[in-house]
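Reading through the structure tokens given below for one structure.
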Protein chains: 2
Amino acid sequence: MTEEELMLQQLFDEDKLTDKQKKIIVAAIETFSEKGYAASSTSEIAKKAGVAEGTIFRHYKTKKELLISIVAPLMTKFIAPIVVKDFNKVLDREFETVEEFLRATIENRRDLLIRMLPVVKIMFQEIPFQPELREQFFDLIVKNIFIRVEKVIKGYQDKGLLIDMPPESIARLTITNILGFLFSRYILFPHLEWDDELEIERTIQFIMHGVGKKD
Amino acid sequence: MTEEELMLQQLFDEDKLTDKQKKIIVAAIETFSEKGYAASSTSEIAKKAGVAEGTIFRHYKTKKELLISIVAPLMTKFIAPIVVKDFNKVLDREFETVEEFLRATIENRRDLLIRMLPVVKIMFQEIPFQPELREQFFDLIVKNIFIRVEKVIKGYQDKGLLIDMPPESIARLTITNILGFLFSRYILFPHLEWDDELEIERTIQFIMHGVGKKD
DNA sequence: TCTAAAAATGAGTGATTACTCACTTCAATT
DNA sequence: AATTGAAGTGAGTAATCACTCATTTTTAGA
């Protein structure tokens with residue numbers, strides 16, 4: 001929770017927020033993540049934040065605006081760095097093998113994903129019900145990721161390291177496997193004992209077998 | 001919707017339910033699926049079912065009992081057939097290749113999955129918040145599926161058709177890919193244009209490359 | 001056709017909901 | 001020290017919530 005707060009401070013200190021405003025955001029994330037958006041009451045969030053309920057509505061016209069104001073900037077500020085930074089880094093570094101590229105991508109951002117899990121959970125919970133979020137998610141993340149991932153894939157295809165399947169399918173299948181692992185691991189069955197390193201390694205191997213070219 | 005009702009009648013006709021009880025269940029599924037459990041009101045469900053609100057509470061003590069009574073039997077009666085029937089069928093028929101097995105499994109049950117989508121959506125929405133459902137889901141489905149899938153996998157491994165990765169990992173990765181496709185296709189981005197047959201074929205190919213042994 | 005149990009009703013319950021607003025406190029500038 | 005605008009407050013509001021219960025309607029066996 002302490003690391004997450006640091007993360008949140010970094011995320012929100014551009015606009016100068018008061019202590020109470022930050023507490024509201026932290027409390028809202030915690031509550032939305034635990035109970036879901038609809039089952040969370042503004043009075044509970046206010047209580048948890050140590051703030052009067054009216055204070056919430058001074059800064060956010062509605063409860064939904066509170067939700068959006070949490071999720072939307074995190075989509076641009078948290079997900080975008082994953083896409084842009086890492087993939088630019090990758091494009092700069094030019095890994096020699098796809099395995100290295102996958103391992104770097106997954107491991108590099110796994111801890112961050114774990115720390116941001118409450119927010120990610122909110123995102124996936126609410127996207128099916130909030131059209132605004134769905135559109136934002138699609139425009140900001142899906143399109144961007146796919147465009148960039150496809151470029152990377154084409155690069156490796158040109159080097160003869162990946163099979164000739166259309167890049168968008170390779171992208172979909174690769175992302176499916178990475179997210180599928182994280183989803184099972186941290187959202188569906190977090191109570192099971194997992195050997196993370198081993199499962200990541202197997203996921204990479206599986207992807208590589210699936211789309212890599214044999215020597 | 002008509003086919004779904006037939007399906008529901010089959011599912012629930014063991015207990016003799018009145019017309020109104022069936023209408024309540026259908027309306028509850030529709031509402032829960034559209035808005036989520038917490039955002040659905042019993043008055044709305046009653047209205048949609050053409051029934052007095054009191055009638056709901058004659059048959060279900062609480063709103064949560066209504067949810068459980070919908071999801072729980074469907075976990076045993078809908079998911080179990082997929083596992084038991086198809087996999088027994090598979091064990092009886094003994095497909096010669098894993099591809100045929102995968103294709104049969106996916107295509108055979110895809111239409112059913114699509115028709116049951118509202119319920120599946122409810123399941124995945126509420127499992128993170130309802131411990132009862134999560135435990136049931138795990139005991140009834142995950143354990144069962146994995147035990148049976150692992151048997152099938154071992155069979156194919158003995159025949160030299162699958163690589164030597166531990167069966168539970170092959171099971172996890174295979175299921176991840178199938179569910180990952182269905183999740184992207186029908187829950188996250190149903191509004192996109194999809195070439196279903198093509199994507200299924202690619203998913204199968206991907207799985208096969210990932211875990212199949214080369215001739 | 002009569003009767004008794006089951007099914008269905010809908011007005012009514014207190015609790016909780018998101019949200020408002022008149023008011024107070026705080027912080028910064030002059 | 002006075003002023004001012006923003007931040008914060010919390011009692012209050014109408015609406016809605018899940019749920020109850022006395023009553024009526026329907027169903028089914030004798």
Side-chain angles (χ1 to χ4, degrees), chain A residues 8-9 12-71 122 125-126 129-133, chain B residues 8-9 12-71 122 125-126 129-133:
Chain A
L8 286 169
Q9 275 171 20
F12 291 111
D13 66 357
E14 293 184 10
D15 335 271
K16 283 175 188 172
L17 300 178
T18 62
D19 256 17
K20 306 223 165 190
Q21 286 178 38
K22 286 175 192 168
K23 278 180 185 169
I24 289 171
I25 291 170
V26 171
I29 289 174
E30 202 180 311
T31 313
F32 288 158
S33 177
E34 275 172 15
K35 314 181 119 191
Y37 167 75
S40 303
S41 71
T42 49
S43 72
E44 188 188 355
I45 293 169
K47 211 174 180 181
K48 190 173 273 174
V51 150
E53 205 176 340
T55 310
I56 292 177
F57 290 97
R58 277 212 71 73
H59 300 287
Y60 310 95
K61 282 176 204 161
T62 63
K63 183 184 159 194
K64 184 169 284 180
E65 199 181 290
L66 174 60
L67 171 72
I68 304 283
S69 80
I70 287 171
V71 178
I122 296 172
Q125 283 298 325
E126 294 310 317
F129 301 121
Q130 316 283 352
E132 299 156 276
L133 285 185
Chain B
L8 286 169
Q9 277 172 20
F12 290 109
D13 65 359
E14 293 184 10
D15 336 272
K16 282 175 188 172
L17 300 178
T18 62
D19 256 18
K20 307 223 164 189
Q21 286 179 38
K22 287 176 191 167
K23 279 180 184 169
I24 289 171
I25 291 170
V26 171
I29 290 174
E30 202 179 312
T31 313
F32 288 159
S33 177
E34 275 172 15
K35 313 180 119 191
Y37 167 74
S40 303
S41 71
T42 49
S43 72
E44 188 188 354
I45 293 169
K47 211 175 181 180
K48 190 174 273 176
V51 150
E53 205 176 342
T55 310
I56 292 177
F57 290 97
R58 276 206 66 76
H59 300 288
Y60 310 95
K61 282 176 205 160
T62 64
K63 184 184 160 193
K64 185 169 282 180
E65 198 180 291
L66 174 60
L67 171 71
I68 304 282
S69 80
I70 287 171
V71 179
I122 295 172
Q125 283 297 325
E126 293 310 316
F129 301 123
Q130 315 283 352
E132 299 156 275
L133 284 186

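Convention: sequence-line order gives letters A, B, ...; per-chain numbering from 1. Quantities reported herein were computed from a predicted structural model and do not represent experimental measurements.
One finds a side-chain N or O of B:Thr55 lying less than 4.0 angstrom from the OP1 or OP2 phosphate oxygen of C:dT9. Side-chain nitrogen and oxygen atoms of B:His59 include at least one within less than 4.0 Å of the OP1 or OP2 phosphate oxygen of C:dA8.
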Check nucleotides 23-28 of chain C for protein N or O atoms closer than 3.5 Å to its own N or O atoms and list the pairs.
none

Nucleotide N/O to protein N/O under 3.5 Å, stretch nucleotides 14-18 of chain C:
unit_1	atom_1	unit_2	atom_2	d
C:dA18	OP1	A:Ser40	O	3.1
C:dA18	OP1	A:Lys63	NZ	3.1
C:dA18	OP2	A:Thr42	N	2.9
C:dA18	OP2	A:Thr42	OG1	3.0

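With sequence neighbours left out, the side-chain contact (heavy atoms from CB on, under 4.5 Å) criterion links B:Lys47 to no other residue.
Heavy-atom minimum distance, B:Ser40 versus B:Gly36: OG-O, 2.7 Å. The minimum heavy-atom distance between B:Ile70 and B:Ala28, with the atom names listed, is CD1-CB, 3.5 Å. Across every non-hydrogen atom of B:Tyr60 and B:Ser69, the tightest pair is CE2-OG, 3.1 Å.
Environment of NZ in B:Lys63: crowded, with over 12 heavy atoms of neighbouring residues, nucleotides or ligands closer than 6.0 Å.
In this structure, B:Lys22 places its NZ atom 12 Å from P of C:dA8, rounding to the nearest Å. As a whole-Å value, the separation of B:Lys20 NZ from C:dA6 P is 19 Å.
A:Glu126 pairs in a side-chain contact (heavy atoms from CB on, under 4.5 Å) with only one of the listed residues (A:Leu67, A:Ile68, A:Val71), which is A:Leu67.
Between A:Thr42 and A:Leu66 the shortest side-chain heavy-atom distance does not fall below 4.5 Å. Looking at A:Lys64 and A:Gln130, their side chains come closer than 4.5 Å, going by heavy atoms from C-beta outward.
A nucleotide of DNA chain D counts as in contact with chain A when one of its atoms lies under 4.0 Å from a heavy atom; the first and last such, 5' to 3', are D:dA7 to D:dG10.
The salt bridge (charged side-chain N to carboxylate O under 4.0 Å, His left out) analysis of residues 49-62 of chain B, with sequence neighbours excluded, yields no pairs. Judged as a ring-ring contact (aromatic ring centres under 6.0 Å, His included), the pairs with a partner in residues 18-53 of chain A (not counting sequence neighbours) are, in order, A:Phe32-A:Tyr37.
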